[in-house]
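For reference, the structure discussed in these notes is given below.
So you know, we letter chains A, B, ... as the sequences are listed, proteins then strands, and number each from 1.
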Amino acid sequence: MREQFDDLLTGCVDALPSDDLLHRLCAAQVEGRPLRAKLGVDPTAPDIHLGHTVVLRKLRQFQDLGHTAVLIIGDYTAKVGDPSGRSKTRPRLDDEEIAENARTYIAQAGKVLDMDRVELVRNSDWLAPLRMNEVLKLTSVTTVARMLERDDFSKRYEQSEPISMVEFMYPLLQGYDSVAVRADVELGGTDQTFNLLMGRTVMEAYGQRPQSIMTMPLLVGTDGVQKMSKTYGNYVGVDDAAEDMYGKIMSIPDGLMGPYWTLLTGAGHREVEDILDRLASGTYHPARAKRDLAARIVDLYHGLEAADGAAAHFDRVFKEKDRPQDIEELPIPLSAIQEGRIWLPRLLVETGMASSNSEARRLIAQGGVRVEDVVATESTAEFSVDELRDCVVQVGRRRFLRLK
RNA sequence: GGGGGGAUGCCCGAGUGGCCAAAGGGAGCAGACUGUAAAUCUGUCGGCGCAGCCUACGGAGGUUCAAAUCCUCCUCCCCCCA
């Protein structure tokens with residue numbers, strides 16, 4: 001039991017109230033009743049990345065220990081939406097988009113969870129029919145002062161950034177979800193702490209025992225700075241090809257290996273501690289550790305064979321700086337040909353390897369463009385169609401194209 | 001309802017009449033180096049067949065030889081008071 005508990009706490013930032021979860025686990029064992037572990041996700045984006053899997057893995061751990069994973073698709077809360085930021089022009093998600101996102105989300109979540117044993121529900125089932133008097137009851141469980149205690153609200157308030165009224169509704173609705181599914185414990189990122197705690201308040205107001213809450217750190221993206229997010233371009237998608245996944249993980253700063261091992265591999269606390277100890281003592285080479293990490297994660301989503309293939313691909317392209325095996329092929333665009341000649345900058349633009357003539361000139365000036373392994377030095381370079389046929393054009397270290 | 005502040009390049013943010021395609025930082029991109037696409041360093045970072053030209057500092061007009069900078073109106077955002 002203690003061992004189980006320690007594994008559950010691995011990677012967690014907080015489990016509140018302090019001994020509540022342990023008590024529940026014990027009681028569950030004694031009574032032979034599994035705990036109901038709740039995770040709510042809003043299907044606001046079509047793809048999920050490793051950042052989303054942190055909390056999914058934790059939920060999976062609950063499953064593996066025989067508890068019930070309750071996955072709430074926030075198809076209603078997604079529509080309430082988070083109106084922060086400069087979103088006035090952003091079109092509201094319509095029902096079809098949400099449905100589509102939910103579909104892909106569930107499919108991708110299945111790579112982490114045992115979907116056969118997940119209790120899958122949608123919160124529109126109970127939120128959509130709510131009547132005004134219910135909503136009013138819900139809003140009366142807390143106060144504006146408490147809302148403003150919330151870290152991000154208070155920060156925004158100080159910095160004179162807008163806070164919309166519906167944003168006040170959001171934690172209440174999420175809390176109502178907990179009531180609806182009778183959650184024993186709710187999981188979430190640390191950014192969800194307030195919402196999770198609000199769930200306790202709401203449950204209490206509805207005469208239920210307030211849930212235990214468990215928060216997981218926000219995964220830092222491959223840039224090592226910001227949280228993993230598609231908008232920052234520092235994400236590793238669950239559906240990324242094995243080679244991409246491997247390469248992206250190899251690109252993380254060394255300091256991120258600890259969190260990644262802890263949060264993304266599903267390794268138990270003993271294994272993680274061992275790895276980190278050996279890294280700290282220098283008996284485990286960081287390059288080796290990162291390769292193992294990358295392989296481990298690719299294995300989780302693509303299998304061992306793909307992981308080996310990705311590692312080999314990585315060595316070939318980045319270590320030996322060789323050409324990759326599969327180079328995209330493209331016919332020489334007709335639009336790049338003028339009077340039978342092909343001007344190099346135009347070729348780069350027309351093939352999508354540079355975004356503008358200026359960009360192309362820049363790349364050439366910086367020695368970043370190669371044609372058949374020969375560095376192009378002049379932005380005035382011209383070729384004939386025959387000269388370029390079957391040639392490999394390379395921009396930077398990782399963009400290749402074979403002309404046909 | 002009244003008063004005040006603000007809108008600058010992908011993002012943050014300086015700039016209050018010419019020296020501004022616009023400081024600085026971040027991201028990105030390229031180069032060097034390496035254990036990797038880490039770290040570090042260097043360069044670059046609106047467009048144009050580019051030693052020149054064009055378009056740009058929320059929008060529309062105006063003043064001026066000259067405007068991101070001054071004036072007018074408009075749009076949006078924020079704060080304070082009520």
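- Figure legend. B:rC76 is base-paired to B:rG6; pairs are counted as Watson-Crick or G-U wobble with both atom distances under 3.5 Å.
- Using a 4.0 Å heavy-atom distance criterion, A:Arg288 is classed as making no nucleic acid contact.
- The stretch residues 335-346 of chain A touches RNA chain B through A:Gln338, A:Trp343, A:Arg346, each having a heavy atom under 4.0 angstrom from the strand.
- Comparing the P positions of B:rG1 and B:rC11 gives a spacing of 33 Å, expressed to the nearest Å.
- Applying side chain to side chain donor-acceptor pair (under 3.5 Å) to A:Gln61 and the options A:Lys58, A:Arg57, A:Gln63 leaves one that passes, A:Lys58.
- Using a 4.0 Å cut-off between a side-chain N of Lys or Arg and a carboxylate O of Asp or Glu, A:Asp292 and A:Arg288 qualify as a salt bridge.
- Distance CE (A:Met257) to P (B:rG35): 15 Å, rounded to an integer number of Å.
- Checked by distance alone, A:Gln366 brings no side-chain donor or acceptor within 3.5 Å of a matching partner on the base of B:rG31.
- To the nearest whole angstrom, the two C1' atoms, one in B:rG59 and one in B:rA27, are 29 Å apart.
- Of the candidates B:rC50, B:rG35, B:rA37, B:rG35 carries the atom nearest the A:Pro286 side chain, counting heavy atoms from C-beta on.
- Take the nearest nucleotide of RNA chain B for A:Ser358 and for A:Lys290: the residue whose nucleotide is more 5' is A:Lys290.
- Residue A:Arg397 has a polar side-chain atom (N or O) positioned under 4.0 Å from OP1 or OP2 of B:rG31.
- The pair A:Asp184-A:Arg36 does not meet the salt-bridge criterion, since no charged nitrogen lies less than 4.0 angstrom from a carboxylate oxygen.
- Distances were taken from every side-chain heavy atom of A:Ala287 (C-beta onward) to each of B:rC50, B:rG35, B:rC29; the shortest belongs to B:rG35.
- One interatomic measurement links the two molecules: CD of A:Gln394 to C1' of B:rC29, which rounds to 14 Å at whole-angstrom precision.
- Under 3.5 Å, the side chain of A:Ser356 and the base of B:rC48 form no donor-acceptor pair of N or O atoms.
- Judged as a side-chain hydrogen bond (donor to acceptor under 3.5 Å, both in side chains), the pairs with a partner in residues 64-73 of chain A (not counting sequence neighbours) are, in order, A:Arg60-A:Asp64.
- Residue A:Glu382 is classed as a base contact, given a heavy-atom separation below 4.0 Å to a base.
- Nucleotide B:rA38 holds its P atom 21 Å from the CH2 atom of A:Trp261, rounded to whole Å.
- Atom-to-atom, NE2 of A:His313 to P of B:rA37 comes out at 14 Å; the value is rounded to the nearest Å.
- If you take atom C1' in B:rG3 and the same atom in B:rC12, they sit 29 Å apart, rounded to whole Å.
- B:rU40 is paired with B:rA32 under the Watson-Crick or G-U wobble criterion, all donor-acceptor distances under 3.5 Å.
- Ring planes of A:His49 and A:Tyr235: tilted class, angle from 30 to 60°.
- The CG-P distance, from A:Asp315 to B:rA37, rounds to 11 Å in whole Å.
- Comparing the same atom, P, in B:rG17 and in B:rG6 gives a spacing of 16 Å after rounding to whole Å.
- Residues satisfying the side chain to side chain donor-acceptor pair (under 3.5 Å) test with A:Asp244, not counting sequence neighbours, are none.
- Counting non-hydrogen atoms under 4.0 angstrom, A:Thr380 reaches a base of the nucleic acid.
- Rounded to the nearest Å, the gap between the C1' atom of B:rC81 and that of B:rG15 is 32 Å.
- Look at the C1' atom in both B:rG58 and B:rU69: the space between them is 15 Å, to the nearest Å.
- Figure legend: cation-pi geometry between A:Lys137 and A:Tyr206, with NZ or CZ positioned under 6.0 Å from the six-membered ring centre and within 45° of its axis.
- Distance check on atom C1': B:rC80 versus B:rC74 gives 25 Å, rounded to whole Å.
- If you find the closest nucleotide of RNA chain B to A:Glu359 and to A:Lys248, the one lying nearer the 5' end belongs to A:Glu359.
- Distances shorter than 4.0 Å separate none of the side-chain N or O atoms of A:Ser251 from OP1 or OP2 on B:rA38.
- At a threshold of 4.0 Å, the pair A:Glu271-A:Arg296 counts as salt-bridged, since one of the basic side-chain nitrogens sits closer than that to a carboxylate oxygen.
- Rounded to whole angstrom, the span from the CZ atom of A:Arg362 across to the C1' atom of B:rG31 amounts to 15 Å.
- The CZ atom of A:Arg291 sits 15 Å away from the P atom of B:rA38 (whole-angstrom rounding).
- The C1' atoms of B:rU55 and B:rU8 are separated by 16 Å, rounded to the nearest whole Å.
- Nucleotide B:rU55 forms no Watson-Crick or G-U wobble pair with any nucleotide shown, as no partner meets the under 3.5 Å limit on both distances.
- Using a 4.0 Å cut-off between charged nitrogen and carboxylate oxygen, A:Arg117 and A:Asp114 count as a salt-bridge pair.
- The pair A:Arg362-A:Glu359 meets the salt-bridge criterion, with a side-chain N (NZ, NE, NH1 or NH2) lying under 4.0 Å from an Asp/Glu carboxylate O.
- Pairing of B:rA23, defined by two Watson-Crick or G-U wobble distances under 3.5 Å, is not identified with any nucleotide.
- B:rG35 atom P lies 18 Å from atom CD1 of A:Ile252, rounded to whole Å.
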